> 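Let me begin by handing over the structure; questions about it come next.
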Protein chains: 2
Amino acid sequence: MQGYKKKRQLAFEEREQELLYLAEELMDTLGFAALTMDKLVAACDYSKGTVYNHFSSKEDLLCAICTRSMQVELQLFERALQFNGNSREKLLALCFAYRLHALLNPTQFYCVLSAKTPAVLEKASPVRLEQQQELEQALSAVADAVFEQAVLNGELTDGRGHSAGEFTFAIWALMFGTNALFNAASEAHMLKPLSADQTLLLNTNLLLDGMKFSPLSHEHDYAQSWQRVADEIFAEEVALIKRNGE
Amino acid sequence: MQGYKKKRQLAFEEREQELLYLAEELMDTLGFAALTMDKLVAACDYSKGTVYNHFSSKEDLLCAICTRSMQVELQLFERALQFNGNSREKLLALCFAYRLHALLNPTQFYCVLSAKTPAVLEKASPVRLEQQQELEQALSAVADAVFEQAVLNGELTDGRGHSAGEFTFAIWALMFGTNALFNAASEAHMLKPLSADQTLLLNTNLLLDGMKFSPLSHEHDYAQSWQRVADEIFAEEVALIKRNGE
DNA sequence: GTCACTTATTGACGGATCGTCATAATAGTT
DNA sequence: AACTATTATGACGATCCGTCAATAAGTGAC
């Protein structure tokens, strides 16, 4: 029967989410490296075989957490787009969302970082990797659209013939790198003389200025825009972080 | 006796290098994830206890490979500085060296990437982490010096009061991110429509233009500079990569 | 309601891997 | 040669991973 299979399928997906949530929780409480398939099995109500029915390996599980992470990130992106401002400010809002996501869900960000590691890439299942790429595509598409709109609006006029995709990749790489290095630095108890937010803002300003994305940073107060994004779009989340930080 | 201890110490360090080299070789041949302490022990002439006398854990070993990697990178940086050109071209040469290093030693780059992962950071020994930070400091210092020289030369005049360190961090994050994402993409057999070199060049051009680092990219043909770096400084290595690539 | 058949679940198990530690060996000292 | 301090050894216990034969649950036919 059709309905039966559908129900079954639904239960399967629900359980997968449950397992992913549990795995994340385990990492949160026990530390990132302490996540173990055995522990996950012990913590859930299912047997090892069932868990392995969902995730072909530990790395596959990591990858799954990673894609789920990008799904919630995508939602943050959609919200960021609602920011009332010019294209460059919208892009800034996306960067804000990216950073916010990393702060809200450090564990998830760890997974994303690990998922760029060959040790994980080598062992994750092909299906999972494909899903991950699709999500990355979806996330990139959001930024692409902003760049394309900026061209239409005349905010981005440099005609060197670079595609939106290239610009998106550049800002993505910059955000990824900045966040990764920051996290590593804080994890290693390094001195952190410069505030993460300010650095992030500076870096995006430099890159977008280099794209000649007007209004340029000396023509507009993007620190204020950054603050506005925090207040007008993500007030709740920012408050949550503040509370957790203390 | 003084001389005795010294000799002993020397032998210890020599053995450590030997082990590191061996570990890297194992990763090269068996795949990144296949590196195992047991295998390393089996491959070397020492016992497990001795190996663990050098590296407190597998992650510590990874970290050690990572710092050694940065040492060779530092040498490449020194050579890059020899490039005959303006400050911005020297910085470009540094970026070239960074990329070159990742291409020449993919395994080492994997280690560097993994070393940003909390799973590794959590388990590496404090001493090792400190060494790693020192090396990062040394590498940053090279770029810092170029930025500072550029200010003295009047090539970098933007007076927004940003320190060389901030600029260095920005370009470092951009390079790290670009390389990491590229490697992950190629590992996952993703479509790669854009050439890595061109993308890298574009990204640095954008960022440095945003810093108002003259001559700006529309005032100078940095693609040519990039090629010159390849020919004049790293011809040997580039040839090696070409050969290996086929 | 029962039987045959398909699909999903279980958890014990083998094979690896990690890191430790009591024991053995080696070097230096007296 | 005897004694001490340092280093090396590899067997061992504890995990951890992933598999698979056995078991249970679900489904449709009669």
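Just so it is clear, the model here is predicted, and its values are computed rather than measured.
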> Does C/dG19 have OP1 or OP2 under 4.0 Å away from a side-chain N or O of B/Lys123?
yes

> Assert yes or no for the condition that the ring centre distance of A/Phe12 to A/His54 is strictly below 6.0 Å.
yes

> In whole angstrom, what separates A/Glu16's CD from C/dA8's P?
14 Å

> Would you please indicate yes or no on a ring centroid separation below 6.0 angstrom for A/Phe169 and B/Phe182?
yes

> Check for me whether A/Arg79 meets the cation-pi criterion with A/Phe234, that is, NZ or CZ under 6.0 Å from the six-membered ring centre and within 45 degrees of the ring axis.
no

> Check this for me: does any side-chain nitrogen of one of A/Glu24 and A/Arg68 sit under 4.0 Å from a carboxylate oxygen of the other?
yes

> State plainly whether the residues B/Arg128 and B/Glu16 are in salt-bridge range, i.e. N to O under 4.0 Å.
yes

> In plain terms, say whether B/Lys116 and B/Glu136 are close enough for a salt bridge, that is, a side-chain N and a carboxylate O under 4.0 Å apart.
yes

> Verify the contact: side-chain N or O of B/Asn53 to OP1 or OP2 of D/dA8, cut-off strictly under 4.0 Å; return yes or no.
yes

> Check the phosphate of D/dA8 against B/Arg15, side-chain N and O only, distance under 4.0 Å to OP1 or OP2. Yes or no?
yes

> I'd like to know if the side chain of B/Ser57 and the backbone of B/Lys123 have a donor-acceptor N/O pair within less than 3.5 Å.
yes

> Using whole Å, what does the distance between atom P of nucleotide C/dG19 and atom CE of B/Met37 come to?
6 Å

> Which of residues 54-66 of chain B sit near DNA chain C, with a heavy atom under 4.0 Å from it?
B/Ser57, B/Lys58

> Distances under 3.5 Å between protein N/O atoms and the N/O atoms of nucleotides 9-15 of chain D, please, pair by pair.
residue: D/dT9; atom: OP2; partner: B/Ser47; partner atom: N; Å: 2.9
residue: D/dT9; atom: OP2; partner: B/Ser47; partner atom: OG; Å: 3.0
residue: D/dT9; atom: OP2; partner: B/Thr50; partner atom: OG1; Å: 2.8
residue: D/dT9; atom: O5'; partner: B/Ser47; partner atom: OG; Å: 3.4
residue: D/dG10; atom: O6; partner: B/Gly49; partner atom: N; Å: 3.4

> Mind listing the side-chain donor-acceptor pairs of residues 32-42 of chain A below 3.5 Å, one per line with the distance, residues two or more places apart or on another chain?
residue: A/Thr36; atom: OG1; partner: A/Ala34; partner atom: O; Å: 3.4
residue: A/Asp38; atom: OD1; partner: A/Lys48; partner atom: NZ; Å: 2.4
residue: A/Lys39; atom: NZ; partner: A/Ala34; partner atom: O; Å: 3.0

> Could you state the atom-to-atom distance from CG of B/Leu19 to C1' of D/dA8 in whole Å?
13 Å

